[in-house]
Amino acid sequence: MSFYKQRYECIWSKERAILFKLGNGSVKKENWYYRIRKKDGTYVQKSTRTTSRDRAEDIAQDVWLEILKAEDDGLEYANRAFCYLFERYLRAKAFKEHRYARINAVYTKYFGPFFNKTDVKTISNDQWIEYLRYRVHYYDGKSEAEVRRYGGVRNPAKTTIGSERRILIQFLRWCERERIIARAPLLDYEFGGHQDIDERINDKRRASKAIGDGHWTSISNKLYNWAFFNRIELAKGRNIEPWDITFDESFEWLRTNSSRLREKVKDGDWRSFSINKNKMFARLRLYYFLRISYGTLIRPNASLCRIRWKHIRIRQSVKYPEFHSSIIHVPLTKKGKSRQAIGSFKSTEHILRWKKISKDFGYGDDEDYVFPNWSNTEPMNASYMGRTWSILLKGWKLNKDVYGRTVTVYAFCRHQRISNAIKKSGWDLITLSRASDTSLMSISSSYAEDIMEANSDRYANTFKGHPKQSHEERDNVRMLLDELGYNTT
């Protein structure tokens, strides 16, 4: 049990502040401690880390003056270390799961190491600029493999920096509401005048769009051959469908032929011939993740990853009895709520085939995730599949569309399906809005070009009623189309 070995009342506040030493003999060098009573009756007690009483009294007086100023300003004097308060902030706020994951990742990877024990009262725009300088050089000296493993990019996008800025501002405003600081500082959004920062931030990022049908088909074929190459090769020799090949047969064939296949590596078509069971499963998982997202209009992110097999029902169509649809309960959407999705008739086949394959690998029970990790304890992280997607498309030289935009998972699965629903299926916008869980305003603005193309006759006809063009003019157009080899379908 400890006791005061020495006790001294501070002359500048004998009633509320004392210096003392502990008498249990466990404190190295017998450092002085201060103990100061706040106006609300609670105490602030801490080691001064010095054996000099004069130095200890100066340290305690500085703390005393800060406490008085905080009380005069109506603030709460407490531990103002950044990491301590940010962890309090994470515990105090009721974040949605995906939002918490994002904020915690930024804190763990970037904010924590940089700000560490910084007094939040001292955080200013100048320190924010220093953080940006630290942030844009964060991956310097790391290999490309390390950068991918960290889930980052060397030159962060301006939208990413903007997101981190908002997280920091929201935290500082929480500190203001908790009366820890008097006012949250203003942080610059533009970085003009700081060329070393500006040149490392990628502000050329463009929103992905639907890709052309030919491009989409090329990617689909490549993915199919990449995921099923062992079943395809084995099925050729037997003149049967790849689906009729069992898992054991495909695994044995790959084990026997893996060395020969490695010699055929070219343009990324035969990227991996590992006989590791988990890697085989990962290829098939990515393929069906993309196809099921496309067929159900479920976003290819945590929304799709968190679905379990018990959330999927297969129902026979009433209008078309020979067809079956899939009714899917999505437990977590982009908006943080659950919703129901209806898969296309074609997607039902993909869902059932994926369940059959999953069972071959020991998954597929009702409580299992549709896209589990290898240990079957958590859903697969969509960002990992996104990185594999990026590597594959670069190897196949299919990672850019005709306009130079990066072909993302969203572009392949979601944008392409919504675009086709507008241009080919003839869905009205209200139906499309409900099916895709997207507002009418977002569809109207993001897919304006597709809507115009689907209604091109309305824009091409400049006359009221039937278009007016002579037979001779129409014949001339058809003749020129044939001569120039245009395909108008």
Side-chain angles (χ1 to χ4, degrees), residues 204-225 267 290-291 293-297 299-300 317 319-320 322-323 325 342-347 349 393 396-489:
K204 298 181 175 62
R205 184 173 179 180
R206 292 177 289 177
S208 61
K209 297 284 186 180
I211 59 180
D213 289 342
H215 195 169
W216 190 90
T217 301
S218 295
I219 294 174
S220 294
N221 292 338
K222 291 281 189 182
L223 281 170
Y224 175 73
N225 285 303
D267 297 332
L290 298 169
R291 295 311 301 254
S293 174
Y294 178 87
T296 61
L297 278 174
R299 289 180 176 85
S317 171
K319 189 173 183 179
Y320 309 102
E322 65 273 25
F323 292 91
S325 62
I342 309 295
S344 65
F345 293 138
K346 178 64 179 176
S347 70
E349 179 184 359
L393 262 61
W396 296 333
K397 296 180 175 57
L398 293 170
N399 58 314
K400 300 289 183 180
D401 66 11
V402 294
Y403 302 105
R405 294 179 300 225
T406 299
V407 179
T408 63
V409 171
Y410 252 68
F412 180 82
C413 297
R414 191 166 171 82
H415 296 322
Q416 187 71 16
R417 174 70 196 287
I418 293 176
S419 174
N420 286 341
I422 293 171
K423 293 188 293 186
K424 299 179 180 180
S425 302
W427 285 12
D428 62 79
L429 296 189
I430 294 177
T431 300
L432 183 55
S433 173
R434 290 186 63 84
S436 62
D437 191 32
T438 305
S439 70
L440 285 170
M441 183 176 294
S442 294
I443 291 176
S444 298
S445 59
S446 300
Y447 299 92
E449 295 177 3
D450 297 310
I451 294 171
M452 286 186 68
E453 183 175 339
N455 296 277
S456 57
D457 290 347
R458 185 181 303 171
Y459 296 96
N461 182 17
T462 57
F463 297 93
K464 186 176 181 180
H466 198 274
K468 296 178 182 179
Q469 194 175 35
S470 67
H471 288 290
E472 183 181 356
E473 289 173 325
R474 280 177 277 176
D475 290 341
N476 288 338
V477 170
R478 282 193 290 268
M479 182 178 64
L480 288 168
L481 287 172
D482 291 339
E483 183 179 340
L484 297 172
Y486 271 94
N487 179 11
T488 62
T489 57

List in chain and number order the residues that pass side-chain contact (heavy atoms from CB on, under 4.5 Å) with S218, two or more places apart in sequence or in another chain; answer none if no residue qualifies.
L398
Quick one: does L290's side chain get under 4.5 Å of I219's, heavy atoms only?
no
Applying side-chain hydrogen bond (donor to acceptor under 3.5 Å, both in side chains), name anything that partners S436, two or more places apart in sequence or on another chain.
T438
May I ask you to check whether over 12 heavy atoms, not counting those of E322, lie within 6.0 Å of atom CD?
yes
D401: side-chain hydrogen bond (donor to acceptor under 3.5 Å, both in side chains) partners, not counting sequence neighbours:
R405
Quick check for you: to the nearest 0.5 Å, what is the distance between K397 atom NZ and N399 atom CG?
9.5 Å
Can you measure from CG (L393) to OG1 (T408) and round to the nearest 0.5 angstrom?
10.0 Å
By salt bridge (Lys or Arg N to Asp or Glu O under 4.0 Å) - contacts of D482 (at least two apart)
none
Who pairs with I430 by side-chain contact (heavy atoms from CB on, under 4.5 Å), at least two apart in sequence or on another chain?
D428, L440
Please report the interatomic distance NE2(H215) to OG(S220), rounded to the nearest 0.5 Å.
10.0 Å
Quick one: list whatever passes ring-ring contact (aromatic ring centres under 6.0 Å, His included) with F412, sequence neighbours left out.
W216, W389
Looking only at non-hydrogen atoms, find the nearest pair between S293 and C413 and report the distance.
OG-CB, 3.5 Å
Under a 4.5 Å cut-off applied to non-hydrogen side-chain atoms, are T406 and K400 in contact?
yes
Sequence-distant partners of R291, salt bridge (Lys or Arg N to Asp or Glu O under 4.0 Å), two or more places apart
none
Closest approach of R417 to L297 (non-hydrogen atoms, all atoms of both residues):
CG-CD2, 3.5 Å
Could you work out, with side-chain hydrogen bond (donor to acceptor under 3.5 Å, both in side chains) as the rule, every residue matching N221, not counting sequence neighbours?
none
Sorted by chain and residue number, the side-chain contact (heavy atoms from CB on, under 4.5 Å) partners of K346 (sequence neighbours excluded) come out as S344, E349, H350
Please identify each residue that fulfils side-chain hydrogen bond (donor to acceptor under 3.5 Å, both in side chains) with E473, with sequence neighbours left out.
S470
Do Q416 and D213 touch side chain to side chain, with heavy atoms closer than 4.5 Å?
yes
